[in-house]
Asker: 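The following block contains the structure, expressed as structure tokens.
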Amino acid sequence: MSFFTDLAHQYIDGEWRPGKGSWDIIDFNPYNGEKLASITVATADEVDRAYRSAQDAQRAWGETNPYARRTVLERALRIVEERESEIGDAIVAELGGTRLKAAFELHLAKEFLRESVQLALRPSGQILPSPTEGKENRVYRVPVGVVGVISPFNFPFLLSLKSVAPALALGNAVVLKPHQNTPVCGGTLVAKVFEEAGLPAGLLNVVVTDIAEIGDALLEHPVPQVISFTGSDKVGRHVATVCAANLKRAVLELGGNSALIVLDDADIDYAVDAAVFSRYVHQGQVCMAANRILVDRSVEREFTEKFVAKVASLKVGDPAEPDTVIGPLINSSQAEAISTLVDQTVAAGATALLHGSADGNLVSPSVLTGLAADSPVLSQEIFGPVALLIPFDGEDEAVRIANDTPYGLSGAVHTGDIERGVRVGQRIHTGMIHINDGTVHDEPIVPFGGEKSSGLGRLNGDSMIEAFTTQKWISVQHGRSRFPF
């Protein structure tokens, strides 16, 4: 496909060029195995050049009138709107996203670009009083300089833009490393959009590479002051450790093990719809997905029957077909891991109300219940189409089960009493929770992030200013200070 081969390059200092590594990353369509492109990996020297180019370009960009920066973001938004169909096709092809998922991702990407347009004008300074006579304290908001962004494979276009666009809007330069399974949608496509939008050369660089080639060069390099990482908690811990050792700020959006709680007074049909979407959107490859579905024992039977029937009706197959709900997992390793997890959990005593099977990277949905309280599957993130149904007796037990996880990203509570839902939500140790809704939500101006092993810091809205700018104090002594010697 020429769309992918045209973008199968590194993008450094405004130039499209092949990588200088000794091996290629092969970009495959996960549904049919079609080779989309091959990209020779970038070396540590190329990472250095990307960061140095970003550093050089940022000096002028940081001093550019924010209205001029806003104009570039506006053009980027128009380009995405004009090419929405083409980008949607790329999402379907490169990561196996269904048509529904591609539309969902593009809708959010446009919303975040719209917010970034406004963000360019939002940083404000302060004048603070001083106990010293004649002194004026000015506090400025200034760009951090250069931001390193590492994005995941599941929502690559959105989650790259989510950090890249605000960082640029706030006067920074960026070096972006996309996931090797989605180098185009998560990387070079983003570069192409901003290049056509007129972003000056060097401000956005994309390096397609792998830790096997560059080690920790992307993290340890002295130029970037902030690393924005979205991915697994295992890798996130490593990113945090390296950043701390190098006195860098890390913004980490990590995994989840969210609980969707169905209380005894919930609208069962509605809760079923919310739970099915929350668990199976994009084949369950979503950090906010409802891994665990907790159901009050008084409504367990009704909920379970309706939930299983709805899951069984979901179409599994070609993501390009508009009625497909479950497309392929990102690669064969993920597909094998999910199939093995289901088999092991059933062998350990769980009951499979639906037992999914694998056909290449397509894995049909599973629904498991009857899990032992100490089952390992209850405490881990499942990045695939597997739902765990867990009964409980009363709110206190629901809260205890929901909190019995090392993660704390998202969640939901379903109830006929909204304030009851809010009270339960307040007791759950998670960064986000939704009453009478699904667990998968992201909005441009609402703080997004997790607790515990689900991350550090927040993104979106004013949190972007905290993430990608720093404060600078300049004092002015209008009189004369008195010194003790």
Side-chain angles (χ1 to χ4, degrees), residues 61-62 64-84 87-88 91 101-125 141-144 147-152 154-174 176 185-186 189-194 196-199 203-204 226 228-230 249 251-253 286-288 409-410 431-432 434 437 440-450 455 457-470:
W61 183 246
T64 299
N65 188 306
Y67 281 88
R69 297 201 300 264
R70 185 181 72 168
T71 299
V72 174
L73 274 295
E74 289 173 334
R75 288 198 293 261
L77 172 60
R78 287 198 296 271
I79 289 166
V80 172
E81 290 174 333
E82 291 165 1
R83 302 191 179 174
E84 188 167 349
I87 297 171
I91 289 171
K101 188 268 185 190
F104 182 57
E105 180 168 0
L106 279 163
H107 166 73
L108 284 175
K110 291 183 294 181
E111 288 299 315
F112 276 94
L113 277 170
R114 290 187 183 101
E115 170 61 12
S116 295
V117 169
Q118 304 304 318
L119 198 63
L121 308 183
R122 198 173 300 162
S124 59
R141 274 281 176 190
V142 297
V144 295
V147 177
V149 177
I150 304 172
S151 62
N154 56 343
F155 281 77
F157 188 64
L158 167 66
L159 295 180
S160 290
L161 279 175
K162 186 175 176 178
S163 288
V164 168
L168 292 171
L170 293 166
N172 300 286
V174 176
L176 166 64
C185 289
L189 172 59
V190 176
K192 189 65 174 176
V193 167
F194 278 102
E196 293 187 7
L199 184 73
L203 286 172
L204 174 58
V226 174
S228 178
F229 171 82
T230 304
R249 188 188 308 170
V251 181
L252 307 175
E253 300 295 340
V286 183
C287 57
M288 295 172 281
L409 186 57
S410 187
M432 308 172 285
H434 309 285
D437 210 336
V440 180
H441 291 284
D442 197 357
E443 296 182 9
I445 66 171
V446 181
F448 182 102
R458 295 291 186 270
L459 291 176
N460 301 1
D462 290 343
S463 297
M464 296 296 196
I465 299 173
E466 292 294 328
F468 301 130
T469 68
T470 189

Asker: Suppose we screen for side chain to side chain donor-acceptor pair (under 3.5 Å). Which residues come up paired with S163, at least two apart in sequence or across chains?
Answerer: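 Testing S163 for side chain to side chain donor-acceptor pair (under 3.5 Å), a comparison that skips the adjacent residues, returns S228.
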Asker: Is the CG atom of L121 crowded by more than 12 outside heavy atoms at less than 6.0 Å?
Answerer: yes
Asker: Could you tell me which residues satisfy salt bridge (Lys or Arg N to Asp or Glu O under 4.0 Å) with R122, sequence neighbours excluded, listed by chain and number?
Answerer: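 Scan of R122 (salt bridge (Lys or Arg N to Asp or Glu O under 4.0 Å), adjacent residues dropped) gives E115, D462.
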Asker: What's the spacing between L77 CG and S116 OG if we round to 0.5 Å?
Answerer: 9.5 Å
Asker: Over all heavy atoms of both residues, which pair between V190 and S160 is shortest? Give the atoms and the distance, please.
Answerer: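 Nearest heavy atoms, V190 then S160: CG2-CB, 4.1 Å.
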Asker: With A197, which residues qualify under side chain to side chain contact (heavy atoms under 4.5 Å, CB included), at least two apart?
Answerer: V72, R75, A76, I79
Asker: Please identify each residue that fulfils side chain to side chain donor-acceptor pair (under 3.5 Å) with E84, with sequence neighbours left out.
Answerer: K110
Asker: From L459 CG over to K162 NZ, what is the distance, rounded to the nearest 0.5 angstrom?
Answerer: 5.5 Å
Asker: Test of understanding: with side chain to side chain donor-acceptor pair (under 3.5 Å), list the residues that count as partners of E105, not counting sequence neighbours.
Answerer: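 E105: side chain to side chain donor-acceptor pair (under 3.5 Å) contacts with K101.
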Asker: Keeping the roles fixed (side chain from W61, backbone from L168), state whether a donor-acceptor pair exists under 3.5 Å.
Answerer: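 Judged by distance alone, yes, a pair lies under 3.5 Å.
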Asker: L161 and F112: side-chain contact (heavy atoms from CB on, under 4.5 Å), yes or no, with the steps?
Answerer: CA-CA 8 Å; L161 279 175; F112 276 94; 5.9 Å; no
Asker: For F468 versus N172, what's the shortest heavy-atom pair and its separation?
Answerer: O-ND2, 2.9 Å
Asker: May I ask you to decide if T64's main-chain N or O and R69's side chain share a donor-acceptor pair within less than 3.5 Å?
Answerer: yes
Asker: Heavy atoms only: give me the nearest A467-V226 pair and the separation to one decimal.
Answerer: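 A467 and V226 have their closest heavy atoms at O-CG2, 3.7 Å.
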Asker: Under the salt bridge (Lys or Arg N to Asp or Glu O under 4.0 Å) test, which residues partner E111, sequence neighbours left out?
Answerer: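 If we apply the salt bridge (Lys or Arg N to Asp or Glu O under 4.0 Å) test to E111, skipping adjacent residues, the hits are R114.
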Asker: Could you list the residues that satisfy side chain to side chain contact (heavy atoms under 4.5 Å, CB included) with H441, not counting sequence neighbours?
Answerer: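 Side chain to side chain contact (heavy atoms under 4.5 Å, CB included) check on H441 returns H434, D437.
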Asker: Report the residues that fulfil side chain to side chain donor-acceptor pair (under 3.5 Å) with E196, sequence neighbours left out, ordered by chain and then residue number.
Answerer: R83
Asker: Can you name the nearest heavy-atom pair linking C185 to I91, along with the distance?
Answerer: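 Between these two residues, the closest heavy atoms are SG-N, 3.8 Å.
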Asker: Which heavy-atom pair separates A167 from V174 by the least distance, and what is that distance?
Answerer: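 Closest heavy-atom pair between A167 and V174: CB-CG2, 3.7 Å.
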Asker: Mind listing the closest non-hydrogen atom pair of G186 and L176 along with its distance?
Answerer: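 Heavy atoms of G186 and L176 come nearest at O-CD2, 3.4 Å.
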Asker: Can you measure from CG (L113) to CG (L119) and round to the nearest 0.5 angstrom?
Answerer: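 Answer for the CG-CG pair, L113 versus L119, is 11.5 Å.
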Asker: Identify, with sequence neighbours excluded, every residue that meets side chain to side chain contact (heavy atoms under 4.5 Å, CB included) alongside R458.
Answerer: P447, E451, S463
Asker: Any chance you could lay out the side-chain contact (heavy atoms from CB on, under 4.5 Å) test for M432 and V446, step after step, and finish with the verdict?
Answerer: CA-CA 10 Å; M432 308 172 285; V446 181; over 6 Å; no
Asker: Checking V286 now: which residues fulfil side chain to side chain contact (heavy atoms under 4.5 Å, CB included) with it, not counting sequence neighbours?
Answerer: F155, V281, H282, M288, A289, V440
Asker: Given side chains that start at C-beta, do those of F194 and L73 come closer than 4.5 Å, heavy atoms only?
Answerer: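 Sidechains of L73 and F194: in contact.
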Asker: In Å and rounded to the nearest 0.5 Å, what is the CD1 to CD distance from I87 to E82?
Answerer: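 So the CD1 of I87 and the CD of E82 are separated by 10.0 Å.
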Asker: Starting at CD1 of I465, measure out to OG1 of T470 and round the result to the nearest 0.5 Å.
Answerer: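 Atom-to-atom, I465:CD1 and T470:OG1 are 13.0 Å apart.
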Asker: Which residues satisfy the salt bridge (Lys or Arg N to Asp or Glu O under 4.0 Å) test with R141, sequence neighbours excluded?
Answerer: E466
Asker: Can you measure from CZ (F448) to CG (L409) and round to the nearest 0.5 angstrom?
Answerer: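 Going from the CZ atom of F448 to the CG atom of L409 covers 5.0 Å.
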Asker: Taking salt bridge (Lys or Arg N to Asp or Glu O under 4.0 Å) as the definition, give me every residue that meets it alongside E443, ordered by chain and number, with sequence neighbours left out.
Answerer: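 E443 satisfies salt bridge (Lys or Arg N to Asp or Glu O under 4.0 Å) with no residue once adjacent residues are dropped.
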